[in-house]
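Worksheet: the structure to be examined is printed underneath.
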Amino acid sequence: MKKFVNDPANVLAEALRGIEAAHPDLRVDAENRVILRAEPTRAGKVALVSGGGSGHEPMHGGFVGRGMLDAAAAGEVFTSPTPDQVLAATQAVDSGAGVLHIVKNYTGDVLNFEMAAELAAGEGVQVESVVVADDVAVTDSTWTAGRRGTGTTVILEKVVGALAEEGADLAAVAALARRVSEAGRSMGVALTSCTVPAAGRPTFELPDDEMEVGVGIHGEPGRSRVKLASAHEIAKLMVDPIVHDFGEAVGPAIVLLSGLGGTPLIEQYLLYGEIAPLLAEAGVDVQRVLIGDYITSLDMAGASLTVVKADDEMIRLWDAPVVTPGLRWGA
């Protein structure tokens with residue numbers, strides 16, 4: 001295993017130290033392993049808290065900042081944050097207007113966020129939660145009951161973060177979050193496995209001439225393992241299940257194509273060049289598109305496609321300024 005590590009057991013703690021050193025607009029609660037905005041949540045603003053296992057960077061810590069999250073709880077690599085971590089994040093950012101928990105649908109994440117919300121409520125913090133379950137590859141899988149939560153989470157955090165920044169109340173912020181969650185579908189393909197530092201070896205074996213269709217972001221198996229195909233064929237394997245799952249005309253949409261950590265940007269753009277005409281042919285009117293590494297799986301070579309059926313409000317909020325380590329545009 002060749003990685004930039006000291007002790008594999010200390011990867012998360014040392015990475016958090018690096019995040020704090022690199023970004024003065026963030027602060028890190030090292031004891032609870034929580035990344036927060038440097039400035040306190042302003043009075044009257046709904047706070048957004050998310051989190052999950054590390055190894056998916058920039059998700060979630062890279063999306064803490066103006067226009068997106070107020071805090072992110074960082075679990076160990078591919079391991080859910082504990083209820084105490086989520087509670088600490090929730091308490092730290094609540095300014096009296098309430099807190100929205102954004103949770104990907106993995107059993108540990110769901111249970112631990114639920115417990116943290118109950119504990120926070122017991123201390124007088126108003127909490128709403130939304131669970132993202134957008135992966136069309138499987139119905140149930142390793143670590144989930146129901147669909148896995150993947151790329152729709154990025155779009156949700158951006159859109160809902162903008163609404164919270166505008167000063168909307170908790171009910172409105174939570175309602176939009178649920179609309180975005182229900183409007184999203186994702187599908188991933190892996191060309192290689194990833195290597196968890198503590199394990200020191202690939203999570204699964206994938207021959208050079210095969211690929212995993214519908215892979216999960218922790219390396220969970222997908223729909224099938226097939227022979228390696230051309231980019232054009234791979235694009236169809238990603239687009240068709242998404243379009244079929246909507247079951248109706250999509251119309252205007254926000255699209256995200258995320259690398260999984262080991263795919264060069266030139267290949268991501270090449271792949272999107274194949275995806276775009278397939279989406280158009282299927283009646284998907286792409287209003288906004290984002291391409292790059294936004295929700296990854298350590299060093300896995302592969303890509304994940306997300307399509308969110310978007311209304312005018314979602315598109316307006318998508319265009320709002322945001323300044324975070326993982327996503328920046330606008331003033």
Side-chain angles (χ1 to χ4, degrees), residues 8-13 15-16 29 31-35 48-64 69 71-92 99-122 127-135 137-154 156-157 177-178 181 184 186 188 190 193-199 203-204 214-222 260-261 295-298 300 304:
N10 296 332
V11 166
L12 175 56
L16 290 173
D29 174 352
E31 180 180 356
N32 291 298
R33 297 184 174 182
V34 173
I35 301 169
L48 270 58
V49 172
S50 193
S54 297
H56 305 302
E57 289 72 24
M59 173 163 292
H60 291 273
F63 300 139
V64 174
L69 298 175
E76 291 291 343
V77 173
F78 293 177
T79 303
S80 303
T82 66
D84 286 347
Q85 286 181 270
V86 179
L87 177 62
T90 302
Q91 292 172 321
V99 178
L100 177 70
H101 284 174
I102 300 169
V103 189
K104 299 189 304 302
N105 189 36
Y106 296 94
T107 301
D109 288 23
V110 171
L111 292 175
N112 291 350
F113 270 86
E114 283 180 352
M115 187 176 297
E118 292 174 3
L119 293 170
V127 178
E128 290 277 357
S129 299
V130 60
V131 176
V132 181
D134 61 324
D135 187 354
V138 292
T139 301
D140 297 293
S141 70
T142 315
W143 304 336
T144 69
R147 291 179 168 178
R148 303 177 291 221
T150 57
T152 296
T153 317
V154 179
L156 189 153
E157 290 175 355
R178 294 182 182 113
S181 177
S186 294
S193 179
C194 60
T195 300
V196 176
T203 301
F204 58 90
V215 70
I217 58 172
H218 307 95
E220 312 99 308
L260 297 181
I295 176 167
T296 63
S297 184
L298 293 170
M300 182 182 288
S304 176

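All residue numbers in this chain count up from 1 along the given sequence. The structure displayed is predicted, hence computed values, not measured ones.
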Donor-acceptor under 3.5 Å (N32 side chain, V34 main chain): no
Polar side-chain atom of D134 near backbone of T150 as donor-acceptor pair, under 3.5 Å: yes
Applying side chain to side chain donor-acceptor pair (under 3.5 Å) to S181 and not counting sequence neighbours gives none
task = Give a yes or no on whether the backbone of A13 and the side-chain of N10 come within a donor-acceptor separation of less than 3.5 Å.
result = no
So the salt bridge (charged side-chain N to carboxylate O under 4.0 Å, His left out) pairs with at least one residue in residues 54-63 (sequence neighbours excluded) are none
* Validation row: S50, F63 side chains within 4.5 angstrom (heavy atoms) -> no
Is the closest side-chain heavy-atom distance between T195 and S193 below 4.5 Å? no
Is there a donor-acceptor pair under 3.5 Å between the side chain of Q85 and the backbone N or O of A74? yes
Side-chain H-bond candidate by donor/acceptor type, D109 with S80, under 3.5 Å | yes
**Asked** Counting only N and O atoms by type, is there a donor-acceptor contact under 3.5 Å from the side chain of R178 to the main-chain atoms of S129?
**Response** yes
Exercise for the section: Taking the side chain as every heavy atom from C-beta outward, state whether E76 and R33 have any pair of such atoms under 4.5 Å apart. Expected result: yes
Can you tell me if S54 uses its side chain to pair, donor with acceptor, with the backbone of V77 under 3.5 Å?
no
* Between the main-chain N or O of C194 and the side-chain N or O of T203, is there a donor-acceptor pair closer than 3.5 Å? -> yes
Sorted by chain and residue number, the side chain to side chain donor-acceptor pair (under 3.5 Å) partners of T296 (sequence neighbours excluded) come out as none
Quiz question: by atom type and distance under 3.5 Å, do the side chains of E157 and H60 form a donor-acceptor pair? yes
